[in-house]
Amino acid sequence: MLLLAISIGAIWNAVWPILFAIIFFGFIIFIHELGHFVTAKLNHVTVHEFSIGMGPVLFKRRKGITQYSLRLLPIGGYVQMEGEDESSEDSGAFCNKKVWQRMVIVAAGGIMNILFGLILCGVLTCTEDLIGTRTIARFYDSAVSCDYGLQAEDTIIEVNGMHIFNATDLSYAMVRDEDAVYDFTVLRDGEKITLENVQFATQEIEGTQTVIFDFVLYGVEKTPWLVIKNAFLDTASTARIVWLTLFDMVTGRYGITDLSGPIGTISVIADVASEAVAGEKISQIVNIMAFITINIGVFNLIPIPALDGGRLFFLLVEGIARRPILPKYEKYIHAAGMILLLGLVAVISIKDIVYLFK
């Protein structure tokens with residue numbers, strides 16, 4: 001009996017983080033689709049289905065003209081609207097609404113994700129004892145960077161040409177670099193000073209050379225204004241990371257092996273959940289949720305066919321030209337984009353699965 005209890009406990013310890021991660025990821029999808037759904041309803045668009053998940057239906061319920069569905073695969077969701085991808089004579093059809101109304105509906109999903117991330121960043125800031133600044137308070141005894149010009153009381157303005165707005169920006173700018181040698185612009189005694197080739201020590205962690213952050217930044221006491229300001233700055237910093245990461249992929253700095261799909265994301269969430277519960281640091285879960293929801297929101301607004309950003313681009317062209325692009329051409333472009341996107345997701349998912357079993 002004891003052995004059975006131990007086995008059940010071991011299985012549960014292995015399974016609950018995965019279940020948590022699926023629910024966690026599903027909630028972020030729900031937030032996204034809720035944005036589309038609410039704005040569609042507010043603009044009197046006929047919604048046929050509101051679905052969380054893809055594939056076979058696990059649960060469905062119809063209320064009025066809308067079917068609410070929960071589907072098997074937690075890799076996405078959708079809001080099916082009348083006249084979304086075809087012409088319709090229905091007054092409640094998406095295609096018959098004004099351009100600005102359609103733009104609001106299309107953009108609402110990504111915006112909802114970003115706003116949710118903003119709220120989570122505010123919650124995280126509230127849990128911190130102090131709010132980090134950009135000003136160096138002191139160096140560790142083993143510090144290297146102070147030998148190359150950095151000083152206590154320096155306020156860091158730029159790193160390798162990237163403007164630094166808060167501590168999050170600073171961390172990412174330093175992690176993004178490959179040789180642990182940086183060009184800093186700092187504010188010292190009211191004067192801007194450029195420090196070139198500032199070096200930091202590195203340490204190999206799991207086969208990767210990692211920069212040792214060898215100084216401590218000042219923290220300031222929380223006030224309602226600073227909490228709000230820092231929440232906006234952290235959200236903007238995370239959004240900028242998405243764009244910079246995309247740029248790094250295009251320029252070849254990151255390859256397909258560095259990407260994660262739904263499976264990899266769920267795996268990361270599960271790992272963070274296990275570590276957070278073991279260390280009683282629930283803030284880690286909030287942090288990863290903020291990062292993922294902002295990522296999803298920003299990525300969906302990038303003007304790529306099949307994504308919300310791609311649809312927004314076509315609507316913007318329609319608004320400027322005062323006439324729509326021929327629906328059949330737009331449909332072909334979105335279909336091609338969807339095929340490429342699904343192909344990329346399939347390749348990344350295979351990579352994620354292989355990694356899980358290593």
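The shown structure was predicted, so the numbers you read here are calculated from the model rather than taken from an experiment. Just so you know, these numbers use all the heavy atoms, side chains as well, and skip hydrogens, waters and symmetry mates.
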- Query: Relative to the ring of Tyr182, is the ring of Phe184 parallel (under 30°), tilted (30 to 60°) or perpendicular (over 60°)?
  - Reply: perpendicular
- Task: Check for a donor-acceptor pair, side chain of Tyr68 on one end and backbone N or O of Lys63 on the other, with a separation under 3.5 Å.
- Result: no
- Query: What are the two closest non-hydrogen atoms of Ser237 and Asn166, and how far apart are they?
  - Reply: OG-OD1, 3.1 Å
- Query: Is there side-chain contact between His48 and Ile65, with heavy atoms separated by less than 4.5 Å?
  - Reply: no
- Query: Which heavy atom in Val211 sits nearest to a heavy atom in Ala180, and how many Å separate them?
  - Reply: CG2-CB, 4.0 Å
- Message: I'd like to know if Asp169 pairs up with Arg240 as an ion pair, taking the criterion as any Lys NZ or Arg NE/NH1/NH2 lying under 4.0 Å from an Asp or Glu carboxylate oxygen.
- Response: yes
- Query: Leu301 versus Ile114: any side-chain heavy-atom pair under 4.5 Å?
  - Reply: yes
- Message: Could you report the tightest heavy-atom contact between Tyr78 and Gly53, atom names first, then the distance?
- Response: CE2-O, 4.3 Å
- Query: Side-chain contact, heavy-atom cut-off 4.5 Å: Glu49 with Ser69?
  - Reply: yes
- Message: Is the shortest side-chain heavy-atom distance between Phe215 and Phe200 below 4.5 Å?
- Response: yes
- Item | Asn160 side chain to Asp183 backbone, donor-acceptor under 3.5 Å | yes
- Message: For Asp147, I'd like to know if atom CG has over 12 heavy atoms of other residues, nucleotides or ligands within 6.0 Å.
- Response: yes
- Message: Hydrophobic clusters here meaning ILVMFWY residues chained together by side-chain heavy-atom distances under 4.5 Å, can you tell me if Val186 and Tyr218 are in one?
- Response: no
- Minimal heavy-atom distance between Ala231 and Thr125, with the atoms involved, is N-OG1, 4.4 Å
- Note on the structure: The residue among Asn230, Ile131, Leu130 that forms side-chain contact (heavy atoms from CB on, under 4.5 Å) with Val220 is Ile131
- Message: With rounding to the nearest 0.5 angstrom, report the CD1 to CG distance, Ile52 to Leu58.
- Response: 12.5 Å
- Message: Apply side-chain contact (heavy atoms from CB on, under 4.5 Å) to residues Asp234 and Leu124 and explain how you reach the verdict.
- Response: CA-CA 10 Å; Asp234 277 345; Leu124 278 171; over 6 Å; no
- Task: Please tell me if the side chains of Leu120 and Phe291 come closer than 4.5 Å, counting only heavy atoms from C-beta onward.
- Result: no
- Item | Closest approach of Cys121 to Ile294 (non-hydrogen atoms, all atoms of both residues) | SG-CD1, 4.2 Å
- Item | Sidechain-backbone polar pair: Asp154 side chain, Gln151 backbone, donor-acceptor under 3.5 Å | yes
- Could you tell me how the ring of His32 sits relative to the ring of His36: parallel (under 30°), tilted (30 to 60°) or perpendicular (over 60°)? perpendicular
- Are Met103 and Val45 connected in a single hydrophobic cluster, I mean Ile/Leu/Val/Met/Phe/Trp/Tyr linked by side-chain heavy atoms less than 4.5 Å apart? yes
- Donor-acceptor contact present, side-chain Arg134 to main-chain Ile157, <3.5 Å: no
- Does the Arg188 side chain pair with the main chain of Ile193, one donor and one acceptor, at a distance under 3.5 Å? no
- Item | Asn113 (side chain) donor-acceptor with Val298 (main chain) under 3.5 angstrom | no
- Here the gap from Thr39 atom OG1 to Ile105 atom CD1, rounded to the nearest 0.5 Å, amounts to 5.5 Å
- salt bridge (Lys or Arg N to Asp or Glu O under 4.0 Å) contacts in which one or both residues fall within residues 34-45, not counting sequence neighbours: none
- Co-membership, hydrophobic cluster, residues Met112 and Val104, 4.5 Å side-chain: no
- Minimum heavy-atom distance Arg71-Gly55, with the two atoms named: NH1-O, 2.8 Å
- Message: Could you measure the distance from the CD1 atom of Ile156 to the CG atom of Leu217? Nearest 0.5 Å is fine.
- Response: 6.0 Å
- Query: Going only through I, L, V, M, F, W and Y residues with side-chain contacts under 4.5 Å, is there a path from Phe59 to Leu34?
  - Reply: yes
- Approximate separation, where rounding is to 0.5 Å, of Ile28 CD1 and Ile23 CD1: 13.0 Å
- Item | Value rounded to 0.5 Å, distance of CG in Asn43 from CH2 in Trp100 | 5.5 Å
- Item | Test item: Val181 and Tyr148 side chains (from C-beta on) under 4.5 Å apart, heavy atoms | no
- hydrophobic_cluster_shared for Ile212 and Val159, side chain cutoff 4.5 Å: no
- Item | Aromatic centroids of Phe25 and Phe27 separated by under 6.0 Å | no
- Main-chain N/O of Gln67 paired with Lys60 side-chain donor or acceptor, under 3.5 Å: no
- Atom CZ in Arg102, atom CE in Met81: separation rounded to 0.5 Å? 11.0 Å
Side chains of residues 135-145: which donor-acceptor partners sit under 3.5 Å, not counting sequence neighbours?
| residue | atom | partner | partner atom | Å |
| --- | --- | --- | --- | --- |
| Thr135 | OG1 | Thr155 | OG1 | 2.8 |
| Ser145 | OG | Asp214 | OD1 | 2.7 |
| Ser145 | OG | Asp214 | OD2 | 3.3 |

